[in-house]
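Naming: A, B, ... by sequence-line order, numbering from 1 per chain.
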Amino acid sequence: MDKAYQPAGEEKIYQLWEEHQAFTPTVPSSPSSARRHREPFVIILPPPNANDPLHAGHALYTVEDIMVRFHRMLGDPTLWLPGTDHAGIETQFVFEKYLQKEGKSRFDYDRSTLYQLISDYVSEKQGIAISQMKRLGFSLDWSRLKFTLDEDHTHRVYAVFRKMVEEGLVYRGEKIVNYCTRCGTAFSNLEVNYQEEVTKLYYLKYGPFTLATTRPETKFGDTAVAVNPKDPRYRQYVGQEITVEGLIGPFNVKVIADDMVDPKFGTGVVKITPAHDPDDFEAGLRHGLPIKKVIGLDGRLNELTGKYAGLKVAQAREQVVADMAQKGMIVKVDDNYVHRIGRCYRCNSVIEPMVTPQWFVKVDPLARPAVKAVEEDRVKIFPKRFKKTFLTWMANIKDWPISRQIIWGHRIPAWYVLDGTPQAVVSFVDQDKQIQSGFWKDLKGKFSFDLIKSGLQSLTVPADTKFYLSENEANEHGQYVLQETDTFDTWFSSGQWPYSTLGWSPDGRHSPDFEYFYPTTVLDTMWDILFFWVARMIMMGIYVTGQVPFRVAHMHSRVLDGKGQKMSKSKGNVINPIDIVNNYGADALRLALVIGVAPGSDIALSDDKVRSQRNFINKIWNASRFVLFHLDQFVVDNPQNITSLSPANFQKSQLKSKEDKEIIDKLDKLICSVTKNFNSYHFGLASESLYQFFWHDFCDLYLESVKSRSQEALPVLVYVLITSLKLLHPFAPYVTETIYQILGPKLNLEPLLLAKSPWPSPAP
RNA sequence: GAGCUUGUAGCUCAGUUGGUUAGAGCGCAUCGUUGACAUCGAUGAGGUCACAGGUUCAAGUCCUGUCAAGCUCACCA
């Protein structure tokens, strides 16, 4: 043995585990009845992005590895199923940046070509995350590796979508959504970052009123003006039609009364622009107001705005304000108005609320059973405080927009017949690689349908257009059939991950894996995707399988940099876990991430912390070296008595010395407390007590005390060491296995792998 | 505006269901080791457990309030 532990050997140990298929459980021939006898322990890995290397947060999947290794040693049939995520918007965004560097853009390609390009790009990078997970020692069953765009997963997602359509849970609607004009897609509320920003608040002359607005440029889309019903100042106007002077001519709007208006804000009068403001949109629904769109999906004012058409929103605002000022239409300007602006979580552009046709999931029927399951702890959320967060969020959940205007993802399986849909808008790349776009009715005379179809980039049809769930069916109703070009929100497909990866089948003939492993046991992830993902999985899982997808939702910590700062590329404080592994070994990193960390609290990953754990790993190594040295001597002296040292033959009652009894007592207590802490997800405590025991009780006290009688104490030394290695193994699989591989043959230990050896119980 | 979390040694934090003199790592001081240990060991300094009340035989741990910090959610133009 080297004087110090060499993490360089860790990769060989991982190979050893793989050769023995140590992480692949066997599925019994009658899975469902076997499951009734003994429930397996199952975790589905939250799939990391296929095209990205791991970041420090991913290293916290260590927590899952700890649980899985523990249960494997307990003898539970154990599965930890790996996968990677196509991560729709994220990946397309990264790829577009890459295209940009090449001087190209996504608009240079038709849909299927672009898809293929991204697909190639991703598969080129996909291996990185996987090899990094292996490097971290994750005991995943690679024989079951999945990808979110795998054909079988896609089929299941489609089948569930059709079921939802047939049961009225999916609808199309013209609704106001958060639209990023840069990314060219809608986002859910969760994907918008709101920031307080200082802007201007303009007080405009508006018919008989003066009103305050931050968005004068949307005046062209106003279809009403609102006051509070209780406001005496304006009561006389309610219900009347007023004439407002505009930059492109006067227009008429109705005065409505609505509680949404706060009489104390501004002048107590609000202009209503249903097409470009979420509140106004709601007000429009309440009062039956027309929706007048004046901003296009390209972020520019449209033809309804006269000379302002073609200007981007920000430019238009400047121009409009200047013109209004000239005409004396601005009463005053508040320069320091602080309010919240929504920005795209990907590219930070200002989110433009837009009314567009989108696909929605009616969420209420899905949410109610999910809420119930959590309330009744059929899905236990740990730490408990997140349960309340979950329930309040679910109580306010709105219908879920599931369509995204990107191509990297599951294309929505709906087909339209264009024959009777003159308002359909298509854009496509023609034979000269030029983009053509416009109404289908205008283009169909100029281009062949086949050309449009093959060069298609996007198709937009009104929300009430009839759609079909298969191309064949659509073909029966017309000649010109195109598939929806929107893709599913990533969370719509990953929300189905637990049952889909295990082989749920729409026809009820599920795979043995599904019968045996579903529902899974624990879902562990960081709390930031509790709503994005965990909530969706619970809803979809119950809806589709009638069972919760997992019994426990375990929220792990967030990893911060050494100073407790959030890591970000812009700050340049991103820690690459693999760098740490290369410097100090995977075990040191794993321990540093869990030791003494309270459940759900943030963790600052400092170099100091990793180094101190590296020292601990080295301590384990050297204590073993000490034992090995005396063991070798024993073998020389008593080659035939080796079985007397085997931990299997260890008898507590035969101990004579006080130190021997004490250390075994402490070890027994340790076994109990570690086991208990494992079962209650207190890994921070478990690792801390192991650290304390091994370093201080075993090394500093016991080991020092027996130096004068090491041969006599050898059975105790061997027993305590081997037992400790087992207890430590979930945290530090590499050193412990390495040592076991050295000691094992000398002691004729069974089994051959520590990873497959049984969890210790107190000494007999 | 609502909710959640945090406030314990110089620094970073543990302390799960309330129970003996409040702990760890790093740092610091003194000494000792280099035949298990890129060191390691021994000893020590250092905390009115944010503040004020309350429940209890007993509170860092439960309750109420105050102060401070952070996070999340929310439709105020």
Side-chain angles (χ1 to χ4, degrees), chain A residues 1-6 176 189-190 194 199 201-204 211-216 218 222 225-226 258-273 277-283 337 339-340 342 353 382-393 395-396 527-528 530-531 558 560 562-564 566 584 592 595-630 673 676-677 679-682 684-689 691-692 695-696 699-701 703-704 707 710 717:
Chain A
M1 281 175 92
D2 287 315
K3 254 187 109 171
Y5 173 64
Q6 304 294 344
I176 196 145
N189 280 335
L190 289 171
Y194 289 96
T199 57
L201 183 65
Y202 303 93
Y203 287 76
L204 309 181
L211 57 73
T213 180
T214 52
R215 303 204 58 186
T218 61
D222 292 356
V225 58
D258 197 290
D259 285 327
M260 78 183 274
V261 182
D262 176 359
K264 289 195 285 290
F265 185 91
T267 58
V269 184
V270 186
K271 70 187 197 67
I272 302 295
T273 322
D277 182 279
D279 293 334
D280 295 3
F281 182 79
E282 294 296 322
Y337 179 62
H339 83 141
R340 286 163 17 102
F382 181 91
K384 241 170 68 188
R385 64 189 146 93
F386 291 111
K387 178 173 173 178
K388 195 167 179 181
T389 320
F390 178 91
L391 290 173
T392 31
W393 187 77
N396 299 317
W527 41 259
D528 63 342
L530 182 62
F531 307 133
R558 177 174 55 181
L560 306 171
K563 291 174 191 154
K566 203 172 166 179
Y584 301 113
I595 198 158
V597 175
S601 66
D602 290 349
I603 167 170
L605 183 59
S606 64
D607 210 52
D608 266 0
K609 195 157 186 181
V610 183
R611 210 177 307 120
S612 68
Q613 293 314 312
R614 188 273 319 268
N615 289 349
F616 179 51
I617 300 296
N618 199 46
K619 191 76 181 174
I620 299 170
W621 179 257
N622 272 292
S624 308
R625 215 152 71 91
F626 176 86
V627 173
L628 188 77
F629 175 78
H630 295 288
S673 79
K676 197 178 129 203
N677 283 324
N679 282 320
S680 57
Y681 312 106
H682 289 95
L685 283 177
S687 47
E688 210 166 63
S689 56
Y691 183 102
Q692 174 68 24
W695 198 316
H696 298 112
C699 293
D700 294 347
L701 297 176
L703 212 140
E704 292 296 333
K707 275 187 173 167
S710 49
L717 286 170

If you check every side-chain atom of A/Arg385, which of B/U5, B/U16, B/A14 has the closest atom? B/U5
Integer-rounded Å distance: B/G23 P and A/Ile595 CD1: 18 Å
Give the dot-bracket line for RNA chain B from 5' end to 3' end: parentheses for intra-strand Watson-Crick or G-U pairs under 3.5 Å, square brackets for crossings, | for inter-strand pairing, dots for unpaired. (((((((..((((.....[...)))).(((((.......))))).....(((((..]....))))))))))))....
I want to verify a distance call: between B/G15, B/C75, B/A74, whose nearest atom is closest to the A/Ala598 side chain? B/G15
Within a 6.0 Å radius of atom CZ on A/Phe629, are there more than 12 heavy atoms belonging to other residues, nucleotides or ligands? no
If we take the C1' atom in both B/G35 and B/G41, what is their distance in whole Å? 16 Å
Heavy-atom pair with the smallest gap, counting every atom of A/Gly266 and A/Tyr203: CA-OH, 3.8 Å
From B/U16, B/A36, B/C26, nucleotide with atom closest to A/Ser680 side chain: B/U16
How far, in whole Å, is B/U12 from B/C57 if one measures between their P atoms? 39 Å
Roughly how far apart, to the nearest Å, are B/U64 and B/A59 at atom C1'? 15 Å
Could you check which of B/C75, B/A38, B/A14 has an atom nearest any side-chain atom of A/Glu688? B/A14
Can you tell if the side chain of A/Arg385 reaches within under 4.5 Å of the side chain of A/Thr389, non-hydrogen atoms only? no
Need one value for A/Gly684: base, sugar-phosphate or nothing, where a base atom within 4.0 Å counts as base even if backbone is also close, heavy atoms only. nothing
Classify the side chain of A/Glu704 versus the base of B/A36 as yes if they form a donor-acceptor pair under 3.5 Å and no if they do not. yes
Of the listed B/A24, B/C76, B/G3, the closest approach to the A/Lys388 side chain comes from B/G3
Answer yes or no: does a side-chain N or O of A/Lys3 lie under 4.0 Å from OP1 or OP2 of B/A38? yes
Judged by atom type as modelled, is there a donor-acceptor pair below 3.5 Å linking the side chain of A/Asp258 to the main-chain atoms of A/Met260? yes
note: A/Trp695, atom CH2; B/G23, atom C1'; distance rounded to Å ~ 17 Å
Give one of base, sugar-phosphate or nothing for A/Arg340, where a contact means two heavy atoms less than 4.0 Å apart. base
Between B/A74 atom P and A/Asn189 atom CG, what is the distance in whole Å? 6 Å
Determine the interatomic distance between P on B/C62 and the same-named atom on B/U16; round to the nearest Å. 9 Å
Rounded to whole angstrom units, what separation is found between the CD1 atom of A/Ile603 and the P atom of B/A24? 20 Å
If you measure from the P atom in B/A14 to the same atom in B/U39, how many Å do you get, rounded? 27 Å
Rounding to a whole Å, what distance do you find between A/Glu282:CD and B/C76:P? 13 Å
Assign each of A/Trp393 and A/Val261 the nucleotide of RNA chain B bearing its closest heavy atom; nearer the 5' end lies the nucleotide of A/Trp393
Going by number, which of residues 610-618 of chain A have a non-hydrogen atom under 4.0 Å from RNA chain B? A/Ser612, A/Asn615, A/Asn618
P atom, B/A50 versus B/G15: distance in rounded Å? 15 Å
Report the residue (A/Pro278 or A/Gln6) whose heavy-atom-nearest nucleotide on RNA chain B is the more 5′ of the two. A/Gln6
Aromatic A/Tyr584 / basic A/Arg614 pairing, under 6.0 angstrom, 45° off normal: no
Can you tell me whether the side chain of A/Lys619 and the base of B/C37 have a donor-acceptor pair closer than 3.5 Å? yes
P spacing across the pair B/G27 / B/C40, given as an integer number of angstrom: 10 Å
Do A/Asp277 side-chain atoms and A/Pro353 backbone N/O form a donor-acceptor pair below 3.5 Å? no
Return yes if some donor-acceptor pair links the side-chain N/O of A/Asp222 with the main-chain N/O of A/Lys271 below 3.5 Å, else return no. no
Can you tell me, in whole Å, how much space there is between the P of B/G60 and that of B/C49? 7 Å
Sub-3.5 Å donor-acceptor pair from the side chain of A/Trp695 to the main-chain atoms of A/Ile620, do we have one? no
Counting side-chain heavy atoms from CB outward, which of B/A36, B/A74, B/A14 is closest to A/Ser601? B/A14
Touch class at under 4.0 angstrom, heavy-atom based, for A/Lys707 against every strand present: base
A/Lys676 side-chain proximity, nearest of B/A36, B/U16, B/C76: B/U16
